[in-house]
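Written out below as structure tokens is the structure these notes cover.
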Amino acid sequence: MTTNTAFDTLAGATEFAHMLLKVSDIKRSERFYVDLLGFKVRPAKPLADGRPFVPFTQGLALTSGGPSTSSQLDHMAFKAKDVRAVSARLKAAGVKFDRELHDGIYWLTFYVYLQDGNMIELYE
């Protein structure tokens with residue numbers, strides 16, 4: 001594996017944080033992850049758009065619905081270093097934003113679309 005030393009000290013994603021999975025029955029899915037896999041539910045602020053939300057300490061969270069119900073993956077999230085600089089760099093590159101920099105569930109947050117339509121969240 002190669003290391004990109006040019007970005008070692010610059011603003012950018014530092015680690016995978018979580019995945020928000022869309023499910024048809026949140027309670028049934030929660031019971032599966034808790035009762036059968038031993039996941040632990042953790043406290044969190046509600047989702048900004050009002051959808052139900054069940055986050056686990058293992059990095060997975062469950063929700064239902066959303067703007068596009070065709071896929072089960074809502075978004076992937078990454079912790080980031082200097083999220084303001086990352087946001088500015090992506091804007092300058094013409095990346096499409098879903099939600100601008102804001103005080104989100106996990107502190108300072110923004111959401112962008114990747115070229116294939118998948119969404120990622122970056123926060124610090």
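What you see is a predicted model, and the numbers here were worked out from it, not measured in a lab. We're numbering straight along the sequence, starting at 1.
When atom types are taken as modelled, the side chain of Ser29 and the backbone of Lys27 share no donor-acceptor pair closer than 3.5 angstrom. A donor-acceptor pair under 3.5 Å is absent between the side-chain atoms of Arg84 and the main chain of Leu108, judged by distance alone. Judged purely by atom type and a 3.5 angstrom limit, Ser87 has no side-chain atom pairing as donor or acceptor with the backbone of Val83. With His102 contributing its side chain and Thr109 its backbone, the two residues share a donor-acceptor pair below 3.5 Å.
Qualifying side chain to side chain contact (heavy atoms under 4.5 Å, CB included) partners for Ala48, counting only residues two or more places apart in sequence or in other chains: none. Applying the ring-ring contact (aromatic ring centres under 6.0 Å, His included) rule to Phe110 yields the partners Phe97; only residues at least two apart in sequence or on another chain are considered. With sequence neighbours left out, the ring-ring contact (aromatic ring centres under 6.0 Å, His included) criterion links Tyr111 to His75. Every residue two or more places apart in sequence or in another chain that forms a salt bridge (Lys or Arg N to Asp or Glu O under 4.0 Å) with Asp35 is listed here: Arg31. Residues meeting the salt bridge (Lys or Arg N to Asp or Glu O under 4.0 Å) test with Lys45, sequence neighbours left out: none. Shown here are the side chain to side chain donor-acceptor pair (under 3.5 Å) partners of Glu100, two or more places apart in sequence or in another chain: Lys91.
Pro55 and Ala61 make their closest contact through CA-CB, 3.8 Å (heavy atoms, listed as atom of the first residue, atom of the second, distance). What you find for Leu20 and Arg51 is that their closest heavy atoms are CD2-NH2, 4.5 Å. Contact detail for Val95 and Tyr113: the closest heavy-atom pair is CG1-O, 3.8 Å. The heavy-atom pair separating Tyr123 from Ala17 by the smallest distance is OH-CB, 3.4 Å.
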- Could you give me the CA-CA distance, side-chain angles and deciding distance for Glu121 and Phe78, then say whether side-chain contact (heavy atoms from CB on, under 4.5 Å) is met? CA-CA 6 Å; Glu121 170 189 4; Phe78 296 91; over 6 Å; no

- Task: Go through the steps to decide whether Gln58 and His18 satisfy the test side-chain hydrogen bond (donor to acceptor under 3.5 Å, both in side chains), and finish with yes or no.
- Result: CA-CA 8 Å; Gln58 288 82 354; His18 68 266; over 6 Å; no

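Residues Lys96 and Met119 have side chains not in contact (no heavy-atom distance under 4.5 Å, counting atoms from C-beta outward). Looking at heavy atoms from C-beta onward, Ile26 lies out of side-chain contact with Phe53 at the 4.5 angstrom threshold. Residues Phe56 and Arg42 form no side-chain contact, since every pair of their non-hydrogen atoms from C-beta on lies 4.5 Å or further apart. Within the 4.5 Å cutoff, side-chain heavy atoms of Leu60 are placed close to those of Leu21. No side-chain heavy atom of Val112 sits under 4.5 Å from any side-chain heavy atom of Asp98. Put simply, the side chain of Val41 reaches to within 4.5 Å of the side chain of Val34, judged on heavy atoms.
A distance of 6.5 Å separates CD1 in Ile120 from CE in Met76, rounded to the nearest 0.5 Å.
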